[in-house]
There are 2 protein chains.
Amino acid sequence: MIIEKKCFIDNQNRGITTDLIKLLAPYFKHHKYKAKEHLWYDGDNANKMFFINSGIVKIYDILEDGNTITIYIFEKNTLFGFMPFFDEEPYPAYAEVVKESDISTIDRATFNKIIKENPELSLKLMKILSKRLRDAMIKISENNNKDTLSRVASMLVSIYFTHNNCYTENQNYTIEMKLPSYEIANYIGVTPETLSRNIKHLSEKKIIEKIGKRSYKILDLEQLKEISSIY
Amino acid sequence: MIIEKKCFIDNQNRGITTDLIKLLAPYFKHHKYKAKEHLWYDGDNANKMFFINSGIVKIYDILEDGNTITIYIFEKNTLFGFMPFFDEEPYPAYAEVVKESDISTIDRATFNKIIKENPELSLKLMKILSKRLRDAMIKISENNNKDTLSRVASMLVSIYFTHNNCYTENQNYTIEMKLPSYEIANYIGVTPETLSRNIKHLSEKKIIEKIGKRSYKILDLEQLKEISSIY
DNA sequence: CGGGACTTTGAAACTTCTCAAACTAAGTGG
DNA sequence: CCACTTAGTTTGAGAAGTTTCAAAGTCCCG
């Protein structure tokens with residue numbers, strides 16, 4: 001359970017959402033989005049929620065200085081965008097497709113009706129909401145860590161666990177970044193240059209090794225964990 | 001509603017919790033906690049939830065480098081500690097009393113029973129959970145802002161709005177920090193020295209003025225907003 | 001009045017960011 | 001199929017800002 005604490009990409013697809021999705025499926029409208037398209041903007045009022053069939057979506061915010069910070073990276077089988085349904089406030093951030101996505105949506109009214117007819121579903125939603133909150137709290141901790149190297153290490157370790165479904169600790173030490181490195185940098189709150197330098201540093205220390213455009217092999221997981229010092 | 005976006009101290013006491021608390025009240029157990037006492041530790045399993053009648057509690061985490069980061073500061077009339085009830089994971093952070101508090105607790109089993117008998121309550125909880133998530137997302141944005149001055153300004157503005165209940169924009173420009181300044185510093189993710197220097201800077205620019213040990217007068221709210229550039 | 005806790009100030013060290021430029025990879029069009 | 005263009009990554013050097021550490025100052029309470 002501590003392992004799961006650090007999944008890099010929200011890995012919701014482990015039974016939590018399935019019942020929910022099954023129920024919602026008949027009402028879903030499907031739509032394809034290209035990279036860079038926005039699902040919503042900061043301040044928008046929510047009138048629907050989203051489910052990713054394939055692709056990647058990021059939730060980000062624009063900071064005072066004009067820079068951006070990515071708050072979540074959502075992958076397939078993720079249900080999101082429903083928070084404003086409950087607290088009745090607009091979206092507090094932007095949602096942008098970063099990789100061509102196949103997304104299902106359901107409008108608020110329909111959703112409310114379904115929930116009303118199936119009150120037990122709210123518990124599932126609560127679970128998802130809790131998971132989001134937990135992730136956000138972890139992110140707050142991580143991003144406040146001044147040392148960028150441990151942030152990078154954390155990120156790598158959590159990609160490793162995400163790939164292994166956060167549960168099985170198998171022997172496949174190959175990890176793959178599904179996003180360009182500037183997106184990853186943004187997610188962990190550093191500049192691309194800083195990320196690059198830290199990756200280089202870890203490579204020189206033979207802790208990781210670049211084996212492809214966006215893939216790395218973890219040579220020394222224990223030391224990587226040590227540096228990230230979360231596990 | 002944008003105004004509310006930035007309440008410094010979670011100001012839950014506006015009707016959201018009242019119904020809930022009324023129902024839970026008969027089952028509450030009351031307890032007084034002194035400053036520095038812990039309600040729970042990171043990794044603890046949750047067996048009860050908490051309601052603050054008076055006092056202040058902070059939720060914080062310990063970072064890799066040994067420093068700490070405060071994630072939430074909860075005041076009276078706040079219900080918290082229930083997130084692990086839903087996602088079945090342990091607490092992801094610590095809860096420490098920072099100011100002598102009068103706290104009611106309710107155990108998990110009792111709570112579950114009440115929820116089961118009153119399913120409409122889960123919607124209220126969802127609302128609180130959403131609010132927490134929203135606050136967390138805002139905090140992620142703010143803490144990633146490299147410029148510490150704007151973080152300090154943000155903090156001051158949001159204390160201002162919190163004091164004014166986040167709704168009424170009255171003429172009382174006096175704000176009071178309810179915590180020692182090192183706690184405030186920790187909350188916004190800077191050192192006490194940096195906070196002090198920024199406060200000094202704002203004072204020199206006649207944007208705020210110290211009028212008491214922990215109280216300030218906002219002389220130029222517009223400029224303070226400008227610097228925080230959130231509103 | 002004295003002690004302890006907290007805050008402010010100063011100076012130096014450190015790290016990241018910024019900016020610029022070289023480099024690489026990939027995709028496009030001739 | 002190659003040259004060209006563009007997007008993205010890496011490298012370097014310098015600037016900027018916060019942190020760190022140390023010390024002085026302030027405030028409150030016994």
Side-chain angles (χ1 to χ4, degrees), chain A residues 34-36 56 58 63-70 98-100 142-156 176-204 208-216 227, chain B residues 34-36 56 58 63-70 98-100 142-156 176-204 208-216 227:
Chain A
K34 293 201 186 106
K36 313 241 172 189
I56 301 181
K58 72 172 176 183
L63 307 176
E64 282 88 295
D65 53 20
N67 288 317
T68 66
I69 174 73
T70 299
V98 277
K99 199 173 177 180
E100 194 179 30
E142 301 225 320
N143 283 18
N144 271 280
N145 194 24
K146 308 291 175 201
D147 182 8
T148 58
L149 182 61
S150 75
R151 259 144 86 175
V152 172
S154 283
M155 180 268 294
L156 292 169
E176 193 209 338
M177 315 235 179
K178 304 191 174 177
L179 298 176
S181 99
Y182 67 87
E183 289 282 5
I184 306 280
N186 201 349
Y187 183 66
I188 62 175
V190 300
T191 59
E193 293 95 325
T194 298
L195 174 60
S196 171
R197 284 186 250 266
N198 280 310
I199 292 276
K200 188 187 176 192
H201 182 238
L202 290 172
S203 299
E204 282 169 354
I208 62 171
E209 184 189 355
K210 189 165 192 169
I211 58 171
K213 180 176 154 50
R214 283 183 193 170
S215 46
Y216 295 85
I227 294 167
Chain B
K34 291 199 186 108
K36 313 244 171 189
I56 301 181
K58 72 171 174 183
L63 307 175
E64 282 88 295
D65 53 20
N67 288 317
T68 67
I69 174 70
T70 299
V98 276
K99 198 171 178 182
E100 193 179 31
E142 300 225 320
N143 283 17
N144 270 280
N145 193 25
K146 309 291 176 204
D147 181 7
T148 58
L149 182 62
S150 76
R151 260 142 88 176
V152 171
S154 283
M155 180 268 295
L156 292 169
E176 194 207 336
M177 316 235 177
K178 302 192 175 178
L179 297 174
S181 99
Y182 66 88
E183 289 282 4
I184 306 280
N186 201 351
Y187 183 67
I188 62 175
V190 299
T191 58
E193 293 95 325
T194 299
L195 173 60
S196 171
R197 285 186 249 264
N198 280 312
I199 291 278
K200 188 186 175 191
H201 181 236
L202 290 171
S203 299
E204 282 171 354
I208 61 171
E209 184 188 356
K210 187 167 193 166
I211 58 172
K213 179 177 156 47
R214 284 182 192 170
S215 46
Y216 294 85
I227 293 168

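Here is the naming used below: chain letters follow the sequence lines, and residue numbers restart at 1 for every chain.
In this structure, B:Asn144 and A:Glu64 have side chains that are not in contact, with every pair of non-hydrogen atoms separated by 4.5 Å or more. Between B:Ile199 and B:Tyr216, some side-chain heavy-atom pair lies under the 4.5 Å cut-off.
Each of A:Lys213 and A:Asn67 lies near DNA chain C, and the nucleotide nearest A:Asn67 is the one positioned closer to the 5' end. Of the residues near DNA chain D, A:Lys146 and A:Glu183, the one whose nearest nucleotide (by heavy atom distance) lies more toward the 5' end is A:Glu183.
Remark: side-chain polar atoms of B:Asn198 are paired, donor with acceptor, to backbone N or O of B:Thr194 under 3.5 angstrom. Of the possible donor and acceptor atoms, one in the side chain of A:Ser154 sits under 3.5 Å from a partner among the backbone N and O of A:Ser150.
Of all non-hydrogen atoms in A:Thr70 and A:Lys58, the two that sit nearest each other are OG1-CD, 3.8 Å. Smallest separation of non-hydrogen atoms from A:Gly189 and B:Lys146: O-NZ, 3.2 Å. Taking both residues in full, the closest heavy atoms of A:Ile56 and A:Lys178 are given as CD1-CB, 3.8 Å, listed atom of the first, atom of the second, then distance. Of all heavy-atom pairs between A:Arg151 and A:Asn145, the closest is NH1-O, 2.6 Å. In terms of heavy-atom proximity, A:Met155 sits nearest to A:Leu195 at CE-CD1, 4.0 Å.
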Step-by-step side chain to side chain contact (heavy atoms under 4.5 Å, CB included) determination, B:Leu149 to B:Leu202:
CA-CA 9 Å; B:Leu149 182 62; B:Leu202 290 171; 4.0 Å; yes
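If you walk DNA chain C from 5' to 3' and mark each nucleotide with an atom closer than 4.0 Å to a heavy atom of chain A, the marks span C:dT16 to C:dA26. Protein chain A touches strand DNA chain D; the 5'-most and 3'-most nucleotides with an atom under 4.0 angstrom of its non-hydrogen atoms are D:dG8 to D:dT19.
Contacts with DNA chain C (heavy atom under 4.0 Å) in residues 193-201 of chain B: B:Glu193, B:Ser196, B:Arg197, B:Lys200, listed by number.
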